[in-house]
Amino acid sequence: MGRHPEQDTARRPEQGGPQAAADGRTERGRQTREKIADAMLALLDEGVTEFPADRVAKYAGVSRRSVFHHFDDMAQLVDTAITRRLDQLARQIRPLPTEGPRAARVAALVEQRARILEWITPARMAIMRMDHPSERIRQVTEETFADARRRMEGVLAEELDRLSGRRRMDLVNGLDAVTTWGAWHHWRSTGLSPEEARHAMEATVLSLLASIDLPDPAPHASE
């Protein structure tokens, strides 16, 4: 004989029990934390430099009490928001060409760098204003810089591999300097538009690479 439907119901795991309720609260809490952090990032992107809790709460559509329920203080919120932006940055990076004409590879490298550096500027400025950035922010920032350098070396390997020793290292250091945020911020803060800054970066990279096509410099007498 078949079992009565009520017997099957009794054997099925309980739905909507305490564990499910706890999981639901955890997920809602995570979503609220992200909403508040994203509100902070939106204010950063608008050029805001002060972040009163009331303003962040209004932007996030939550209460001021909710902000401090999910974060110990505004410093922790800023830390969380900046870390979130740096993680978002990593997901924006796409593979770049490592073969083909030099001009095309440089153009692709500079286009990606210019777009990302402009986007990350508000968060980078916020980090600079921090008295004591968290270990997580320092770690992600260092990893981001190191990864950017490796990617640049990969795109320009054809040229860099023609050099060795100090000459190669000097060129890598120069290329790294002009394709990172410091150079970008200099160009933008001195009045260049994003397009003008991108053009300046591209021209500088091409000029540095042109040195490879020149004969090796004569050694110094002391050498």
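Quick note: numbers below take in every heavy atom, side chains included, and nothing from hydrogens, waters or symmetry partners.
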Colleague: Check whether any side-chain N or O of Arg105 sits under 3.5 Å from a backbone N or O of Pro97 as a donor-acceptor pair, and report yes or no.
Modeller: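 Pair absent, no side-chain N/O of Arg105 close to backbone of Pro97.
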Colleague: To the nearest 0.5 Å, how far apart are CE in Met125 and CD1 in Ile82?
Modeller: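 The distance works out to 11.5 Å.
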Colleague: To the closest 0.5 Å, what do you measure between CD1 (Ile137) and OG1 (Thr144)?
Modeller: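 Those atoms lie 11.5 Å apart.
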Colleague: List the atom of Arg188, the atom of Ala197, and the distance in Å for their closest heavy-atom pair.
Modeller: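 Looking at all heavy atoms of both residues, the shortest contact is CD-CB, 4.0 Å.
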Colleague: List in chain and number order the residues that pass ring pair (Phe, Tyr, Trp, His ring centres under 6.0 Å) with Trp187, two or more places apart in sequence or in another chain; answer none if no residue qualifies.
Modeller: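 Trp187 satisfies ring pair (Phe, Tyr, Trp, His ring centres under 6.0 Å) with no residue once adjacent residues are dropped.
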Colleague: Going by an N to O cut-off under 4.0 Å, is there a salt bridge joining Glu135 and Arg138?
Modeller: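 So Glu135 pairs with Arg138 through a salt bridge.
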Colleague: Might you point out which heavy atoms bring Leu44 and Ala126 nearest each other, and give the distance in Å?
Modeller: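 Shortest heavy-atom separation between Leu44 and Ala126 comes out as CD2-CB, 3.8 Å.
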Colleague: Flag the pair Asp147 and Arg150 as a salt bridge only when some basic side-chain nitrogen lies within less than 4.0 angstrom of an acidic carboxylate oxygen.
Modeller: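 Looking at Arg150 together with Asp147, the answer is yes, because their closest N to O distance falls below 4.0 Å.
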Colleague: Out of curiosity, Leu117 CG to His185 NE2, how far, rounded to the nearest 0.5 Å?
Modeller: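 Taking CG in Leu117 and NE2 in His185, the distance rounds to 12.0 Å.
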Colleague: As a quick check of understanding, evaluate salt bridge (Lys or Arg N to Asp or Glu O under 4.0 Å) for Arg167 and Asp170, giving each step before the final call.
Modeller: CA-CA 5 Å; Arg167 193 177 178 199; Asp170 286 343; over 6 Å; no
Colleague: How close do Val172 and Met152 get, counting heavy atoms only, and between which atoms?
Modeller: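 Smallest interatomic distance, heavy atoms only, reads O-CE, 3.7 Å.
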Colleague: Output the distance between atom CD1 (Ile116) and atom CD (Glu111), rounded to the nearest 0.5 Å.
Modeller: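 If we round to the nearest 0.5 Å, Ile116:CD1 and Glu111:CD are 8.5 Å apart.
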Colleague: Are any non-hydrogen side-chain atoms of Arg33 and Ile36 less than 4.5 angstrom apart?
Modeller: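 No; the side chains remain at least 4.5 Å from each other.
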Colleague: If you count the non-hydrogen atoms of other residues, nucleotides and ligands that lie under 6.0 Å from CD in Gln31, is the total more than 12?
Modeller: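 Atom CD in Gln31 is packed in, count exceeds 12.
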Colleague: Taking only residues two or more places apart in sequence, or in another chain, which ones meet Gln76 in a side chain to side chain contact (heavy atoms under 4.5 Å, CB included)?
Modeller: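 Only Phe71, Asp72, Asp73, Thr80 meet the side chain to side chain contact (heavy atoms under 4.5 Å, CB included) criterion with Gln76.
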Colleague: Applying salt bridge (charged side-chain N to carboxylate O under 4.0 Å, His left out), can you list everything that pairs with Arg94, at least two apart in sequence or on another chain?
Modeller: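 Scan of Arg94 (salt bridge (charged side-chain N to carboxylate O under 4.0 Å, His left out), adjacent residues dropped) gives none.
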Colleague: Which atom pair, heavy atoms only, marks the closest approach of Leu96 to Gln112?
Modeller: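 It is CD1-OE1, 3.6 Å.
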Colleague: Take Arg168 and Asp161, measure what side chain to side chain contact (heavy atoms under 4.5 Å, CB included) needs, and give me the verdict at the end.
Modeller: CA-CA 8 Å; Arg168 186 184 196 283; Asp161 288 348; 3.5 Å; yes
Colleague: Restricting to pairs with a member in residues 200-212, which pass side chain to side chain donor-acceptor pair (under 3.5 Å), not counting sequence neighbours?
Modeller: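 Sorted result for residues 200-212: Arg198-Glu202.
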Colleague: Take Arg166 and Met169 through the side chain to side chain contact (heavy atoms under 4.5 Å, CB included) test and state the conclusion after the steps.
Modeller: CA-CA 5 Å; Arg166 170 56 66 181; Met169 182 60 67; 4.3 Å; yes
Colleague: Would you be so kind as to tabulate the donor-acceptor pairs closer than 3.5 Å made by side chains of residues 176-184, with sequence neighbours excluded?
Modeller:
{"from": "Asp176", "atom 1": "OD2", "to": "Arg149", "atom 2": "NH1", "distance (Å)": "3.2"}
{"from": "Thr179", "atom 1": "OG1", "to": "Arg113", "atom 2": "NH1", "distance (Å)": "3.1"}
{"from": "Thr179", "atom 1": "OG1", "to": "Leu175", "atom 2": "O", "distance (Å)": "2.8"}
{"from": "Thr179", "atom 1": "OG1", "to": "Asp176", "atom 2": "O", "distance (Å)": "3.4"}
{"from": "Thr180", "atom 1": "OG1", "to": "Asp176", "atom 2": "O", "distance (Å)": "3.1"}
{"from": "Thr180", "atom 1": "OG1", "to": "Ala177", "atom 2": "O", "distance (Å)": "3.2"}
{"from": "Trp181", "atom 1": "NE1", "to": "Thr121", "atom 2": "OG1", "distance (Å)": "3.0"}
{"from": "Trp184", "atom 1": "NE1", "to": "Glu118", "atom 2": "OE1", "distance (Å)": "3.0"}

Colleague: To the nearest 0.5 angstrom, please state how far the CD atom of Glu143 sits from the CD atom of Gln139.
Modeller: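 Reported value, rounded in 0.5 Å steps: 4.5 Å.
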Colleague: Is it true that atom NE2 of His70 has more than 12 heavy atoms of other residues, nucleotides or ligands lying nearer than 6.0 Å?
Modeller: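 Enclosed.
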Colleague: Evaluate the side-chain proximity of Met40 to Arg85: yes if any heavy-atom separation is below 4.5 Å, no if none is.
Modeller: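 No. Closest side-chain heavy atoms not under 4.5 Å.
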Colleague: So how far is it from Leu156 CG to Glu158 CD, rounded to the nearest 0.5 Å?
Modeller: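 One finds 9.5 Å between CG of Leu156 and CD of Glu158.
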Colleague: Is there a side-chain contact between Leu109 and Arg151 in this structure, where contact means two heavy atoms from C-beta onward sitting under 4.5 Å apart?
Modeller: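 No, too far: nothing below the 4.5 Å cut-off.
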Colleague: Please list, one pair per line, the donor and acceptor atoms closer than 3.5 Å that link side chains of residues 52-64 to other protein atoms, with sequence neighbours excluded.
Modeller:
{"from": "Asp54", "atom 1": "OD1", "to": "Arg64", "atom 2": "NE", "distance (Å)": "3.0"}
{"from": "Tyr59", "atom 1": "OH", "to": "Glu46", "atom 2": "OE2", "distance (Å)": "2.4"}
{"from": "Ser63", "atom 1": "OG", "to": "Ser66", "atom 2": "N", "distance (Å)": "3.0"}

Colleague: So which heavy atom on Ile212 is nearest to which on Leu160, and how close?
Modeller: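 Reported closest heavy-atom pair: CD1-N, 4.4 Å.
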